[in-house]
Amino acid sequence: MIIDCKHVWNYISEYLDRTLPEETRDTVQKHLDHCEICSAILDSTRNMIILTADDRFFELPVGFSERLHARIDLEFMRHDG
C-alpha cells in the first residue's frame, strides 16, 4: 500500500498515540523514512504536544487555537488543489 503526504498528515495524531493498526503504522513509517516534509510535520507536532502539555513553559495566547486550525485548513487546501 502506498500513501501520499495528505494521508500521512491525517494519521499523524494516531501515529503519535500508537493507535494505528500495525499495517497502517508500517506504511506510514515507510513514508516517513523517505519524506522530509512529513517527517518535519511529525517532529513539529510532537514538539507542539510536548510544549502545550507542560503548562510550566508558557500559556497559549488568546485565539491561538483558532489561528492554528485556520492555518492547517489553508495548508490542506493548498495541497488539495
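Because the structure is predicted, anything quoted here is derived from the model rather than measured.
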Heavy-atom side-chain proximity of L16 to L42 below 4.5 angstrom: yes

Reported CG-to-SG distance for the pair L32 and C5, which is rounded to 0.5 angstrom: 9.5 Å

For R71, side chain to side chain donor-acceptor pair (under 3.5 Å) partners two or more places apart: E75

Straight-line distance of I49 CD1 to I12 CD1, nearest 0.5 Å: 9.5 Å

With sequence neighbours excluded, residues passing side-chain contact (heavy atoms from CB on, under 4.5 Å) with R67: P61, F64

Side chain to side chain donor-acceptor pair (under 3.5 Å) partners of D43, counting only residues at least two apart: R46

Flag if over 12 foreign heavy atoms under 6.0 Å of CD1, I37: no

Min side-chain heavy-atom separation E14-R25 under 4.5 Å: no

Any pair counted as side chain to side chain donor-acceptor pair (under 3.5 Å), so long as it reaches residues 28-39, sequence neighbours left out: Y15-Q29, Q29-D33

Rounded distance [0.5 Å steps], OG1 in T27 versus CG in L20: 9.5 Å

Atom pair CG (L68) and CG (D73), whose distance is rounded to the nearest 0.5 Å: 9.5 Å

Under the ring pair (Phe, Tyr, Trp, His ring centres under 6.0 Å) test, residues paired with H69 that sit two or more places apart: none

Listed partners of D4 passing side chain to side chain donor-acceptor pair (under 3.5 Å), at least two apart: H7

